[in-house]
Amino acid sequence: MTETMPHAFAPPNYETFRETAEKAVAEAKNTYEKAKVASEQATDLLKETYATAAKGATDYNLKIIEFARANTNTAFDFAQDLMKVKHPSELVELSTAHVQKRFETMIAQTKELTELAQKVTTETTAPLKAGVTKAKDRSKLDLSDTRQGRTVQ
């Protein structure tokens, strides 16, 4: 009898409202859980991406330092060779050879830095691209299931 007392004065469609409210709460809870999982996955993805980008930037900067050291050593070697020059024709020959070697080295270093930058960019963006594609595919499935009246777990 106590069970029926609160409902005695309730409107005739009370059970329908109650069921609708319970369903809405369950759907809200389900949506919250999905959002929480998606948020955690996004955080993990961003952490991974940041770590990859930081490593790539470090590798790139170390390569630049390596090249700077090599270029500095080459410049000192050239200066020492200049001190040994005894004739103007030797100066022209030495300078021409040095400029040609420096130009070839610059092209090789630029190519190596470009390849490294492309590698770092690919390694950094690949997980993001995969994560976005996965989330996009998952949201399409969720939307499809919701339109068909199914609850997605």
Side-chain angles (χ1 to χ4, degrees), residues 14-153:
Y14 171 76
E15 286 300 319
T16 305
F17 288 136
R18 185 172 156 222
E19 289 171 8
T20 302
E22 287 175 354
K23 184 177 178 182
V25 168
E27 287 180 19
K29 185 177 180 181
N30 187 24
T31 302
Y32 167 77
E33 290 299 324
K34 286 183 194 175
K36 181 180 172 187
V37 168
S39 175
E40 289 169 354
Q41 289 173 343
T43 299
D44 291 343
L45 181 63
L46 289 174
K47 283 180 184 178
E48 178 184 341
T49 300
Y50 177 77
T52 302
K55 182 190 178 306
T58 299
D59 292 347
Y60 191 86
N61 287 334
L62 288 173
K63 187 58 73 174
I64 288 174
I65 291 169
E66 175 187 324
F67 289 163
R69 183 180 301 134
N71 294 341
T72 301
N73 289 340
T74 301
F76 279 118
D77 291 344
F78 178 65
Q80 287 178 343
D81 291 342
L82 284 176
M83 294 201 173
K84 298 175 189 172
V85 170
K86 298 193 191 292
H87 195 274
S89 63
E90 290 178 39
L91 175 66
V92 171
E93 184 180 329
L94 185 65
S95 295
T96 303
H98 176 73
V99 168
Q100 183 177 1
K101 184 179 177 185
R102 293 289 38 191
F103 186 71
E104 290 169 358
T105 301
M106 180 190 70
I107 290 172
Q109 288 174 344
T110 301
K111 181 181 177 188
E112 193 172 340
L113 284 174
T114 300
E115 289 170 354
L116 182 58
Q118 288 173 340
K119 178 184 173 212
V120 168
T121 301
T122 301
E123 289 176 353
T124 301
T125 58
L128 281 175
K129 183 179 177 182
V132 168
T133 301
K134 186 178 176 182
K136 188 172 141 183
D137 291 345
R138 192 179 315 124
S139 70
K140 284 181 184 178
L141 288 174
D142 290 351
L143 183 58
S144 171
D145 288 343
T146 303
R147 286 183 182 161
Q148 294 174 7
R150 289 183 256 161
T151 304
V152 181
Q153 296 292 330

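Residues: numbered from 1 along the sequence shown.
Under the 3.5 Å distance criterion, the side-chain polar atoms of N61 are matched with a main-chain donor or acceptor of A57. In this structure, the side chain of T31 engages the main chain of E27 through a donor-acceptor pair within 3.5 Å.
Nearest heavy atoms, P127 versus T49: CB-OG1, 4.4 Å.
In this structure, the side chain to side chain contact (heavy atoms under 4.5 Å, CB included) partners of K86, at least two apart in sequence or on a different chain, are E90. With sequence neighbours excluded, the residues forming a side chain to side chain donor-acceptor pair (under 3.5 Å) with E22 are R18, listed by chain and number. Every side chain to side chain contact (heavy atoms under 4.5 Å, CB included) that D77 has, sequence neighbours left out, goes to Q80. Every residue meeting the side chain to side chain contact (heavy atoms under 4.5 Å, CB included) condition with L46, not counting sequence neighbours, appears here in chain and number order: L128. Partners of T110 by side chain to side chain contact (heavy atoms under 4.5 Å, CB included), not counting sequence neighbours, listed by chain and number: M106, T114. When the side chain to side chain donor-acceptor pair (under 3.5 Å) test is applied to E112, the partners found at least two apart in sequence or on another chain are K63.
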Pair T105-F67, side chain to side chain contact (heavy atoms under 4.5 Å, CB included): steps then yes or no: CA-CA 9 Å; T105 301; F67 289 163; over 6 Å; no
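The CD atom of E66 lies 9.5 Å from the CG atom of L113; values are rounded to the nearest 0.5 Å. With rounding to the nearest 0.5 Å, the separation of CG in L116 from OG1 in T121 is 9.0 Å. Rounding to the nearest 0.5 angstrom, the gap separating the OG1 atom in T74 from the NZ atom in K101 is 5.5 Å. Note that OG1 of T96 and CD of Q100 are 8.5 Å apart. Values are rounded to the nearest 0.5 Å. The distance from the CZ atom of R102 to the CD atom of Q109 is 6.0 Å, given to the nearest 0.5 Å.
More than 12 heavy atoms of other residues, nucleotides or ligands lie within 6.0 Å of CD in Q41, so this atom counts as buried by the packing criterion.
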